[in-house]
Every structure is written in C-alpha cells, then in structure tokens.
Amino acid sequence: MSAFQIILSILLSIFVLVGISMMSKVKTSMQGNLLSALAMLIGIVGTVIFNGILNVWTIYVAILIGALIGSVMARRAQMIQMPQLVALFNGLGGGASALVGVMTYMGWGLQGVSAYPHFVNFTAMLAIAIGMITLVGSLIAAGKLARIIDGRPKVYPAHSLMTILALCLTVVLIVLGTVFGARPWIAALALAVTGFFGFIFAIRVGGADMPITISLLNSLSGVAGSIAGMAVSDIFLVAVGGIVGASGLLLTQIMCRAMNRSLLSILLGGAKRPSHHAAAPADVVVNADAVAAVVSNDDLDIEEFIKQYPMQAQQLLDAITALTSEVALLREQLAQTTSIQHGAAPEEAAETVQTPASVLSNAKDVIIVPGYGMALAQAQHAVKQLADKLEYRGARVRFAIHPVAGRMPGHMNVLLAEADIPYEKLFEMEAINNDFQAADAVVVIGANDVLNPAARNAEGTPIYGMPVLAVDQAKQVIICNFDLKPGYAGVENPLYTREQGVYLCLGDAKQTLMQITNDIR
Amino acid sequence: MIHPLILVGIFVVCTVAGYFIIRTVPSLLHTPLMSGMNALSGVTLVGALASTGLAFATDGIWAQVFGMLAIVLATVNVFGGFGITHRMLRMFNKKKK
C-alpha cells in the first residue's frame with residue numbers, strides 16, 4: 001500500500017466521520033448522508049484502480065446486480081417496512097464480510113505469502129464468525145419483524161446449553177483455523193456453527209427487545225467489516241467498520257438504559273416470562289372442574305377432602321377474582337364501543353356522558369403517545385388528521401416519544417415524519433414527562449408498556465424500574481389500543497381498570513381515530 | 001502489508017472517535033442514523049472487490065463465485081442502505097420549507 005493510498009484512506013475516513021456528525025442536525029443530515037456515500041464511492045473506485053483490477057469483468061457484473069436489487073428495494077419499500085429492511089440490509093453486509101473472511105482464509109486474492117500469516121488467519125476466521133452471526137441473526141430478526149416467522153420469543157429445550165456449546169465450538173474453530181491455515185472443512189464448519197449460533201441467539205428475542213437486537217446486529221456488521229478489513233489489510237475498511245461498530249454499540253446502550261435492563265439479560269433472558277395473565281380464563285375452567293369433581297366424588301376420603309379444601313377454595317377465589325376483573329373489562333369495553341358508535345348523539349346526551357370526542361373537543365392541550373400499535377395499524381396518517389383538527393380548533397398538540405417505542409430506535413419519529421408531522425412537535429420523554437399533569441387530554445395510540453405505571457412499583461416484573469411516560473397523571477386519557485392484553489412485558493396496565501377519566505377505544509387504531517376525528521365538533 | 005498493530009490501532013481510534021461523534025445525534029434521528037450506518041457497513045464491498053479482483057488471475061472458479069456473491073450482497077447493502085436513508089431524511093426535511 002503506497003503512501004498516497006494510506007493518506008487517501010485516512011482522508012476518506014475523516015469524510016465519513018464528518019458526514020456522520022452532520023447527521024446530528026436535521027438540516028444538514030441529507031448532505032451528511034451524501035458525503036458518506038461519496039466517500040464510499042471514492043473508496044470503491046480507488047480500490048479498483050490501486051489493485052489494478054480494472055479489467056476484471058466479474059466484479060462489474062456483480063456490482064450491477066447488487067446495485068439494481070438494492071436500488072429497487074430502497075425505492076419500493078414503504079416506511080412501515082423500515083425495521084425489517086434495515087435488519088435485512090444489515091445482514092447482507094455481515095454476509096459479505098463473512099465471505100471476504102472465507103476468501104482471505106482460503107488464501108484467494110492474497111498476493112504472495114503474508115508477513116503475518118497467523119494474524120491474517122485469525123482475523124479471517126473472526127470475520128467469518130461475526131459476519132455469519134450477523135447474517136443469520138439479522139435474517140431471523142427481519143423475518144420476525146416482517147411476520148414471516150413467529151415474532152414471539154422462542155425458546156428450545158436446552159437453549160442456553162446449545163448457545164454456549166455453539167459459542168465454544170466457534171472459539172475452537174477460530175483457534176484451529178488460526179493454527180492450521182487454509183482448510184476448506186474448517187471454513188465450512190465455521191460457517192455452519194456460527195450460522196447456527198446466529199439463529200439460536202436471534203430466535204429467542206422478540207417484541208420490545210427488538211430495537212436492542214437490531215442495533216446490536218448493526219454494531220456487529222460494522223465490526224465484521226472492520227475485522228475483514230484487518231484480514232485484507234485495508235485501512236479504509238477497518239476505519240469505517242470501527243465507526244459503524246461504535247455507533248451500533250452506542251445505540252444499543254441508549255436502548256438498554258431506556259429499558260433499565262442490561263444487555264446480557266436481554267440476550268439471555270428475553271423469553272423467561274410466561275404470559276400467565278392471558279391464560280387466566282382457561283385456568284378458571286379447569287379449576288372449577290377440579291373442585292366439582294372433588295365435591296361430587298362420594299368415595300372421597302373425607303380427610304383428603306379436608307386437606308385439599310383450603311387449596312381448592314383459594315383456587316376458586318382466585319378464579320372468581322379473575323373472572324370479575326374480566327367481566328369489568330368487558331363491560332367497560334362494551335360501554336366504550338357503544339359510546340363511540342353513538343358519538344353523534346344529541347347535544348343533551350353529550351352533556352352528561354363524556355365521550356373521547358367530547359373530551360377532545362374541549363381540550364386545549366393534548367399530548368399524543370404513539371407506540372408500536374400505531375405502526376401495526378398504519379395509523380400515522382389518521383393521527384395526523386386528528387392532530388390537524390385539534391390544532392385547527394385552537395388546541396396545542398404535542399407528541400411524547402418513549403425511547404423504546406416501536407421496534408427500532410427512532411421508529412415513531414420516522415412514521416410521524418412520513419405523515420408530515422413536524423419534528424418540532426415530537427418530544428422526548430424527559431422533555432415532556434412533567435407536562436402530562438397539566439394536559440387536558442392524552443391520546444394513547446397502540447402503546448402499552450412504555451406508559452405502564454406498574455413499572456414504578458410492580459417489583460419483580462420485567463418492566464420494574466423502567467422509566468415510563470407519566471400518562472397516568474393526566475386527567476383524561478383516551479386509549480386507542482387493539483385490545484387490553486398486556487404488552488410485550490406481560491404486565492397488566494392498571495390504567496385499563498381505572499375508570500376515572502380513562503376512555504378505552506378498542507379495535508383498529510386507524511378506524512377508531514378516524515371515528516373520533518369525525519365526532520369532534 | 002500493514003503491521004497488525006497499526007490496523008488494530010486504527011480500529012480503536014475510529015471506534016472511540018465514532019462513539020463521541022454519534023453521541024451528539026438526537027434520538028429523533030436515530031433511525032436515519034442507524035440506516036446510514038447500515039449502509040456504511042456495506043463498506044466491506046471494498047474488501048470483496050479487492051479479494052475478487054486479485055483472485056481473478058490466480059485462483060479458481062470458487063474464488064470468483066464466493067467473490068461475486070460477496071460483492072452482490074455488499075452492493076445491495078450499500079445501495080439499499082443509502083437509498084433508504086436518503087428517502088427518510090427527505091421526509092424529515094420536506095416540512096422545513
């Protein structure tokens with residue numbers, strides 16, 4: 001590598017850093033992105049020229065194919081598909097790094113014998129490992145986000161054991177590869193084992209832990225590239241890979257802090273909690289049957305019966321409590337549905353019965369809290385219409401964005417931007433949390449865990465200690481969620497059963513919102 | 001051939017520099033940032049190009065197959081990543097007027 005090449009590499013790396021720092025402001029962000037892309041383009045052209053491979057036709061064919069696929073995907077994609085697309089592209093980058101690792105490990109494209117064969121072998125093997133984990137992990141994550149595969153966390157028998165085993169095997173293979181050098185079977189085995197590791201690590205992550213996984217994989221793809229760069233001795237590649245790795249790590253850290261969880265607990269314990277709440281009605285039936293059987297059994301040993309009685313009674317009591325709350329919820333649900341349907345009721349009725357529309361009609365200060373449900377229902381445009389109407393009527397409308405709302409960092413911001421909501425109206429949690437008290441009304445759209453007041457006091461639950469939006473302090477809360485099931489964390493939200501000033505509008509958020517917007521007069 | 005220690009040194013310096021620069025990005029722009037970073041991670045294309053190109057004359061068909069696959073994957077990553085980031089940022093910007 002000549003001095004000129006080295007200087008150019010360093011210059012380009014600085015370009016990339018400047019480009020990224022320009023992305024910290026909305027105004028300059030587009031130029032920043034273009035600058036990074038330009039640096040990359042120069043890097044690519046430079047690589048082709050300096051290596052004297054201008055006449056190799058295969059690379060042009062491959063570039064053409066890749067550019068075509070990439071451009072079409074970028075153009076066709078809807079904003080709603082953003083999380084899975086980012087995950088997918090990310091995986092491809094990781095896969096490319098793994099392949100570069102394979103090539104270098106096999107000694108393809110290396111001119112002469114390297115002065116540091118063990119370093120080259122080691123970094124090549126490491127690039128294979130990290131790249132492959134990124135590829136398979138990202139594909140699984142993308143599949144989950146796109147709902148091609150079941151999005152819930154999946155745990156296999158002996159999951160942790162398999163994880164540890166795959167990890168150990170990976171380390172052994174890297175050592176073997178470093179010592180022995182080019183052996184096709186080591187490369188093949190490494191691809192298989194690390195691919196399996198990527199699968200088993202990503203399959204147990206789901207729901208709200210997705211943003212963290214995505215940013216972690218993003219970080220890994222950068223690290224994989226950087227290490228592939230060490231293997232092929234390319235400064236630009238090492239530098240940019242390192243920058244990407246750092247960014248992913250930082251975002252991961254931010255997400256973890258926002259959820260008050262450690263990275264390790266998410267990777268290892270993502271799916272430990274059973275959703276016992278959802279299973280309550282089924283339990284009721286079983287328990288009641290068991291009690292009936294016990295009572296009606298004439299041959300039953302009386303002593304046995306007496307011994308079991310307290311337990312059975314307790315089960316019955318539990319069942320009754322569960323049923324009562326279920327009935328209360330259903331009743332509330334029913335009342336809300338009817339009130340929405342009769343939103344256009346005569347004025348006198350509106351005087352006595354408050355509906356979401358009437359609450360909003362009188363509100364002067366409204367805070368909207370979006371969550372993943374808004375993304376699912378594609379309700380961002382309906383949200384915009386509601387906000388417009390409220391503003392037209394003189395109300396002040398703001399949006400409260402929790403750091404982990406949605407399925408990737410900044411997910412809500414992108415969706416709301418797509419609906420033309422100016423970013424000046426979006427507020428981060430710390431900036432707006434004290435204003436909930438004074439707000440006339442809060443509209444929750446498809447959000448659950450990020451505003452669950454149980455996070456403050458429900459010790460032992462997954463969300464305990466997680467900073468949440470102080471929606472419960474608002475006087476009037478309108479909740480437009482699909483159903484009343486607990487969110488991903490599986491913790492009941494006490495807001496749902498608080499009757500005072502809480503309006504539940506269940507069903508598709510888009511339709512509910514449009515209905516409410518229509519009814520505001 | 002560059003000395004391994006220099007390469008590792010560059011990695012460390014860039015990681016630290018990147019970390020501090022990225023800290024200034026507000027959460028509003030985290031998705032475009034991530035998507036931009038994602039595009040940048042396709043920089044491995046540079047490595048793929050060099051390996052494939054150099055292997056063309058000396059190594060067999062397998063080297064070309066692996067190499068072309070690597071180039072295709074990395075190029076999809078680069079073009080898709082930058083394209084999507086650009087679209088997203090344009091969305092943020094169109095409201096400015």
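Numbered from 1 within each chain, the chains take letters A, B, ... in sequence-line order.
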Ranking A/Met82, A/Met106, A/His411, A/Met73 by heavy-atom pairs under 4.5 Å to chain B gives rank one to A/Met82
Of the listed A/Thr123, A/Ile69, A/Ile44, A/Ile65, the one with the largest count of heavy-atom pairs under 4.5 Å with chain B is A/Ile44
Part of [X] lying under 4.5 Å from any heavy atom of chain A:
X: B/Val8; value: both
X: B/Leu45; value: side chain
X: B/Phe11; value: both
X: B/Leu49; value: both

Could you look at [X] and say if it's the side chain, the backbone, both or neither that has a heavy atom under 4.5 Å from chain B?
X: A/Ser24; answer: both
X: A/Leu426; answer: side chain
X: A/Leu64; answer: neither
X: A/Asn218; answer: side chain
X: A/Ala228; answer: side chain
X: A/Met412; answer: neither
X: A/Val48; answer: side chain

Please determine whether the number of non-hydrogen atoms from other residues, nucleotides or ligands lying under 6.0 Å from atom NE2 of A/His118 exceeds 12.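 12 or below, so no.
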Heavy atoms only, distances under 4.5 angstrom: which of B/Ala74, B/Pro4, B/Ala17, B/Gly47 has the most pairs with chain A? Name it, please. B/Pro4
Just by modelled atom types, is the A/Gly410 backbone N or O under 3.5 Å from a matching donor or acceptor in the B/Thr31 side chain?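 Checking the backbone N and O of A/Gly410 against the side chain of B/Thr31, a donor-acceptor pair under 3.5 Å is found.
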Among B/Met37, B/His30, B/Met34, exactly one meets side-chain contact (heavy atoms from CB on, under 4.5 Å) together with A/Ser215. Which residue is that?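 So, applying the side-chain contact (heavy atoms from CB on, under 4.5 Å) to A/Ser215 and each of B/Met37, B/His30, B/Met34, only B/Met34 qualifies.
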Show me the donor-acceptor pairs within less than 3.5 Å that the side chains of residues 56-63 of chain A make with the rest of the protein, sequence neighbours left out.
from    : atom 1 : to      : atom 2 : distance (Å)
A/Thr58 : OG1    : B/Gln64 : OE1    : 2.8
A/Tyr60 : OH     : A/Leu54 : O      : 2.6

